[in-house]
Amino acid sequence: MVNGRFFGFMTSGSRTGSGDHGVSVLHVDMDAFFASVEVLRRPSLRGRPVLVGGAGPRGVVAAASYPARVFGVRSAMPMSTALRLCPEAVVLDGDHASYRAVSTRIMEIFRDVTPAVEPLSLDEAFLDVSSARSLLGEAEELAAGIRRRVLEQEGLHCSVGVARTKHVAKLASDAAKPRIVGRRVKPGPGVIVVTADDEADFLRPLPIRAMWGVGPKTAEKLSRLGVATIGDIADLDSDTVVACLGEGVGRHIHALANGIDDRPVEVDRPTKSISQESTFPIDLVGSDDVNAQLVSLADGVASRLRQAGLYSRTISIKVRLGSFETMTRSVTLPAATAGSREIAAVSKEMFTRLHADRDVLTAGIRLLGVAAGALTPSSSHQLTLDLAPEPPVGGVKSGMSTPSGSGSVFDVVDGALGEIDDGVDDAVDVIRSKFGDRAIGRGKSRVRPDARDQGSIETSDRP
DNA sequence: TCTGGGGTCCTAGGACCC
DNA sequence: TCTGGGGTCCTAGGACCC
Ligand SMILES: [Mg+2]
C-alpha cells in the first residue's frame, strides 16, 4: 500500500519539518464504535449483527457492527430498511453517556502520545506527532502502539492513518479499516502510512466520493464534468473546479486533490453552537404540543449552556414539516443569555411568527429544534439575573441547603430564580454559571437598589 | 428506503457604515 | 452629487461529517 513512486506533485510545503518522510499527522478512528461498545457490555452479541440507533418508527442506524454490514446495512440508513436487509439484527437504543465515557478514556490514551490531539467526534481524532519524533518507523510504531493500548485497555479496535496532511491521514485510516468482501468481513491492515512520495499514487485512483468534504451533491456536480477519481480533479485547473463548485468548495477540493492541505491539528476548538432537536413519532398539529416541545428543548439547551459556562446571543429554531421541508428562524438578542425561560420565550415567538407566515401546523410538524449560537464564556458577562415574573417553580429559596449539603444556596433575593424550572440542582447550576463557584454557599449578593426596577441583581462577589 | 441528532463551515442578500 | 466599493452584522438555507 505504501509502495509507489512520487511523481512531481505540488505539496503544501514543510509544515511538519520533521522526519525524513514528513508524516506527522495521525488520524485514529474507532471501528464501528457504538456497536462495539455495546458488544463489550453484552458479550453474547459478539459476532452478531448489532444496530445502534433509533428503534422508533422514524429511527436511523447510528452504527452497525461488521456482521450487520455484511447484509448491506450502513449507518444513516433508516432502521426500517436496515431490518429488511437484516431481520435478525439486534437493535439497541444506544447509551451516549457510556460512549462518552469510553471516548474520554481513549482520548487520554492519545494524549499520552502527544498533547496535540484534536477530537473530531466521540470516536475520532487527529494527532500531530511532529514533536513526538515522527521518523517513519517511529510514526508507524506510535500508531501500532495506540492500537495496542486501545485494544488492551478498552477491548476495542481502531484504525489509524499516518500521513503528512490531515486529509491524507483521514483517507488512510479509512483504507486501513476492515472491509466487506462478498459475504465476509476482511480484516484491514489497521495502520496505513502514506509517505509524501506515495501521496499521488495513493490519492489519484480513489473515487471523488472518498474525499473528506465531497458528499452526494458535490459528487454529482463533479461527475457532470466527467470526473470520477481524485486524479481527474487534480488534472483540471483550479478555475474549472471553481466554476463547477463555487469559490470556497472549488478551491478547497482542487487543493486537496493535489495533496495540498495546510490545516493544522488544533487542540482547543471552541464550541460554536449548542442545540437540541427531536423528531416526533407522529407529526404535531397542535400549537400547545409545539409550545410544550419548544419549552423542553429550550430547557435542555439552556442547561447545557450553563453546564458549559457559556452564554448565547443568537437563538434559532428549526422546523421540519411532514413533507420534510425544513425551515429555520433565528434572532440575535440585545444581550446574551443562558436562561431557559428566555430561550423558550423567543423560540415560541419565532414559531408563532413562522406559523403566521407559512401556516406550518397544517402541514404537520415532524421535527422541532432549538439552537444557541454566538457563544461567549459566561465569565465575560455582566453578572445580572432576570427577576422572575412569577415565584420560582420547585420552591427554591435563598438559604436553602445545596445538594451537596455543604452550604446554603447563596443569598439571593426571592424571585430572582424565576427562570429556574427544575428545582435545586438547576438553581445551583444557574447560580454557578452566572456568579462562579464561590457564590454557592459562601458568596454574597445584593440587589442594586437602582437596578431593582430593571429587574436585575448584581453580586458583591464579582471576580 | 423514506429519511436521527449533534455539530461545522460556506454562501448570499440586505442593512448599515465608511 | 453620483457612483462604486468594501467591511461587518444579521438571517436563511445548504452541504457535509460522524
Ligand atoms: Mg468510526
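Here is the naming used below: chain letters follow the sequence lines, and residue numbers restart at 1 for every chain. The analysis underlying the following values was restricted to heavy atoms, covering all of them including side chains, and did not include hydrogens, waters or symmetry mates.
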Could you run down the sub-3.5 Å N/O contacts of the protein with nucleotides 10-14 of chain B?
unit_1 : atom_1 : unit_2 : atom_2 : d
B:dT11 : OP1    : A:G248 : N      : 2.7

Check nucleotides 1-5 of chain B against the protein and report each pair of N or O atoms closer than 3.5 Å, with its distance, or say if there are none.
unit_1 : atom_1 : unit_2 : atom_2 : d
B:dT1  : O3'    : A:R84  : NH1    : 3.2
B:dC2  : OP1    : A:R84  : NH2    : 3.1
B:dT3  : OP2    : A:R366 : NH1    : 3.4
B:dT3  : OP2    : A:R366 : NH2    : 2.8
B:dG4  : OP1    : A:R366 : NH2    : 2.9
B:dG5  : OP1    : A:T279 : N      : 3.0
B:dG5  : OP2    : A:T279 : N      : 3.1
B:dG5  : OP2    : A:T279 : OG1    : 2.5

Just list the side-chain donor-acceptor pairs under 3.5 Å for residues 26-34 of chain A, sequence neighbours left out, or say none.
unit_1 : atom_1 : unit_2 : atom_2 : d
A:H27  : ND1    : A:S173 : OG     : 2.7
A:H27  : NE2    : A:E124 : OE1    : 2.8
A:D31  : OD1    : A:S159 : OG     : 2.9
A:D31  : OD1    : A:K177 : NZ     : 2.5

When the distance from CE of A:M211 to P of B:dC9 is rounded to whole Å, what number comes out? 18 Å
A:T279 and A:R58: side-chain donor and acceptor closer than 3.5 Å? no
Give the residues of residues 113-125 of chain A touching DNA chain C, defined as any heavy atom closer than 4.0 Å, sorted by residue number. A:S121, A:D123, A:E124
OP1 or OP2 of B:dC9 less than 4.0 angstrom from a side-chain nitrogen or oxygen of A:K272, does that happen here? yes
Look at the side-chain N and O atoms of A:S273 and state whether any lies under 4.0 Å from the OP1 or OP2 oxygen of B:dT8. yes
Please state how far atom NZ in A:K170 lies from atom C1' in B:dT8, giving the value in whole angstrom units. 13 Å
If you compare all heavy atoms of A:A172 against all heavy atoms of A:G161, which two are closest, and at what distance to 0.1 Å? CB-CA, 3.7 Å
Let's go through A:R204 and A:D235 carefully: what are the C-alpha distance in whole Å and the side-chain angles of both, what is the deciding distance for salt bridge (charged side-chain N to carboxylate O under 4.0 Å, His left out) to 0.1 Å, and is it a yes or a no? CA-CA 10 Å; A:R204 290 189 61 93; A:D235 291 340; 2.7 Å; yes
With A:D95 via salt bridge (Lys or Arg N to Asp or Glu O under 4.0 Å) - residues at least two apart: A:R41
Dot-bracket line, read 5' to 3' along DNA chain B, where crossing pairs take [ ] and | marks a partner on another strand, Watson-Crick or G-U under 3.5 Å: ....||||||||||||||
5'-most contact on DNA chain C (nearest-nucleotide basis), A:R313 vs A:M327, goes to A:R313
